[in-house]
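The structure appears right after this line, and notes come after that.
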Amino acid sequence: MKEKELRRSLSVFPIGTVMKLTDLTARQIRYYEEQQLIQPQRNDGNRRMYSLNDIDVLLEIKDYLAEGINMAGIKHIYEMQEQEQEKKQAALKRPVTDEDVRRIFHDELLQQGRLNNDEQGHSTLFHTHKPL
DNA sequence: ATTCTAACA
DNA sequence: TGTTAGAA
């Protein structure tokens, strides 16, 4: 089932189409590329060509933004997803130790909270209101 | 007609 | 982020 992923990776849409599909401005789309969140291909005329995967990411970014997550936070999310895939491939060769399980669980709980803080070190604490 | 880069009353 | 100028 690799053929499908291959097609989703084909860069076939010009930015105008992506704008309509995502309801994002060209400025925003290019900016997110600058932030390394997508890496559209370029055609012969130096025009950006986007894949379905690129569009999916753009749509996700829009959702994250709507949820109040800033660029720094969104970058972290994708950085983490990359790291998680590296883990899954490492886990394929090396049996999972219980220390691994601890770390994975820990990161997962963190992932839900860290997102509302920016890099400048806010203290936007979100408390799990436990009644005393 | 579309998209690109660079820049900012 | 918006917008705009000048080029491709």
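A note on names: the letters A, B, ... follow the listed sequences, proteins ahead of strands, and every chain is numbered from 1.
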Rounded off to whole Å, could you give me the [atom1]-to-[atom2] distance for the [X] and [N] pair?
X        : N      : atom1 : atom2 : result
Arg30(A) : dT3(B) : CZ    : P     : 8 Å
Gln41(A) : dC4(B) : CD    : P     : 14 Å
Asp44(A) : dT3(B) : CG    : C1'   : 15 Å
Met19(A) : dT1(C) : CE    : P     : 13 Å
Ile61(A) : dT1(C) : CD1   : P     : 10 Å
Glu34(A) : dT1(C) : CD    : C1'   : 12 Å
Glu33(A) : dT3(B) : CD    : C1'   : 13 Å
Ile29(A) : dT3(B) : CD1   : P     : 10 Å

Open item on the list: If the cut-off is 4.0 Å, is Thr25(A) near the phosphate of dT1(C), judged by side-chain N/O to OP1 or OP2?
Closed with: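 So the side chain of Thr25(A) is outside the cut-off, no N or O lying under 4.0 Å from OP1 or OP2 of dT1(C).
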
Open item on the list: Among dA8(C), dT1(C), dG2(C), which nucleotide has an atom closest to any side-chain atom of Arg47(A)?
Closed with: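 It is dA8(C).
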
Open item on the list: Can you identify which nucleotide, out of dT3(B), dC4(B), dT1(C), has its nearest atom closest to the Tyr32(A) side chain?
Closed with: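 Nearest listed nucleotide: dT1(C).
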
- [ ] Taking all non-hydrogen atoms of both residues into account, name the closest pair between Leu37(A) and Gln39(A) and its distance.
- [x] C-NE2, 4.2 Å

Task: Base-pairing mate for dA9(B) - Watson-Crick or G-U, with both contacts under 3.5 Å - done: none

Open item on the list: Strictly by Watson-Crick or wobble contacts shorter than 3.5 Å, is anything paired with dC4(B), and which nucleotide is it?
Closed with: dG6(C)

- [ ] Say whether Arg42(A) and Asn46(A), considering side chains only, have a donor N or O and an acceptor N or O under 3.5 Å apart.
- [x]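 Indeed, the side chains of Arg42(A) and Asn46(A) share at least one donor-acceptor pair under 3.5 Å.
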
Task: Electrostatic pair Glu84(A)-Lys88(A), nearest N-O below 4.0 angstrom - done: no

TODO: In sequence, state the C-alpha distance, the side-chain angles, and the governing distance for Lys75(A) and Gln36(A), and then conclude on side-chain hydrogen bond (donor to acceptor under 3.5 Å, both in side chains).
DONE: CA-CA 8 Å; Lys75(A) 280 197 203 175; Gln36(A) 307 293 303; over 6 Å; no

- [ ] Begin from the C-alpha positions of Asn53(A) and Glu5(A) and carry the test side chain to side chain contact (heavy atoms under 4.5 Å, CB included) through to its verdict.
- [x] CA-CA 9 Å; Asn53(A) 284 327; Glu5(A) 323 248 304; over 6 Å; no

- [ ] With DNA chain C as reference, determine whether Arg27(A) or Gly45(A) sits nearer its 5' end, using the nearest nucleotide of each.
- [x]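 With Arg27(A) and Gly45(A) compared, the 5'-side residue is Arg27(A).
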
